[in-house]
Amino acid sequence: TGAILGTEVRPENAHALDVSNSGATVGFLDAGNSSLKTSGFLWRGSEFLSLQPPKRGNNGRAWAISPSGAFVVGDAVVALTRHAVLWTSR
């Protein structure tokens, strides 16, 4: 078993859902106040990136990241229906 070496807390109302082998974390932010608006994110160390939904989409959520961190999967609302989304890093 390992020891916890550090803790970092984000100030946003966020839900972290998966971690890559390198420690990159994905999840989603919610607007709070009983709002259903969400936005997916990728958090790598001090870098916090918003994952934009596809064109004409909104309310993205990131659910999982590949072990290498190259791929993030989630969903977003497009034309009033939730659809699967794949984000790919460069």
Side-chain angles (χ1 to χ4, degrees):
T1 62
I4 302 296
L5 299 177
T7 302
E8 187 172 345
V9 177
R10 295 292 312 176
E12 305 89 354
N13 190 12
H15 308 272
L17 301 171
D18 198 19
V19 180
S20 73
N21 289 344
S22 65
T25 305
V26 296
F28 63 94
L29 305 172
D30 64 46
N33 301 328
S34 300
S35 172
L36 297 177
K37 295 182 186 253
T38 59
S39 175
F41 68 79
L42 171 61
W43 181 14
R44 289 187 286 213
S46 62
E47 182 179 39
F48 194 80
L49 303 171
S50 177
L51 298 174
Q52 299 301 314
K55 272 188 176 177
R56 296 180 293 281
N58 56 38
N59 296 325
R61 301 180 297 193
W63 294 104
I65 187 168
S66 64
S68 69
F71 304 100
V72 174
V73 293
D75 59 28
V77 175
V78 179
L80 302 176
T81 305
R82 281 222 170 261
H83 295 274
V85 177
L86 171 66
W87 290 277
T88 306
S89 66
R90 297 179 194 175

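Note that this is a predicted model, so its numbers are computed, not measured.
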Qualifying ring-ring contact (aromatic ring centres under 6.0 Å, His included) pairs, either residue in residues 68-90, two or more places apart:
none

Identify, with sequence neighbours excluded, every residue that meets side chain to side chain contact (heavy atoms under 4.5 Å, CB included) alongside Asn59.
Lys37, Thr38, Val77, Arg82

Taking all non-hydrogen atoms of both residues, which atom of Val78 and which atom of Gly57 are closest, and how far apart?
CG2-CA, 3.8 Å

Membership question, hydrophobic clusters at under 4.5 Å side-chain separation (ILVMFWY): are Trp43 and Val19 in the same one?
no

Atom pair CG (Asn58) and CG (Leu80), whose distance is rounded to the nearest 0.5 Å
8.5 Å

With clusters defined by side-chain heavy atoms of hydrophobic residues (ILVMFWY) lying less than 4.5 Å apart, directly or transitively, does Val85 cluster with Leu51?
yes

Which pair of heavy atoms, one from Val26 and one from Trp63, lies closest together, and at what distance?
CG2-C, 4.2 Å

Roughly how far, to the nearest 0.5 Å, is the CZ atom of Arg61 from the OG atom of Ser39?
12.0 Å

Output yes when a side-chain donor or acceptor of Asp18 lies under 3.5 Å from a complementary backbone atom of Ile65, and no otherwise.
yes

Test applied, side-chain contact (heavy atoms from CB on, under 4.5 Å); reference residue, Glu12; option that passes from Phe41, Phe48, Phe28:
Phe48

Identify the two heavy atoms, one from Pro53 and one from Ala76, that lie closest to each other, and give their separation to 0.1 Å.
CB-CB, 3.9 Å

Taking all atoms of both residues into account, what is the closest heavy-atom pair of Pro67 and Ser20, and its distance?
O-CB, 3.6 Å

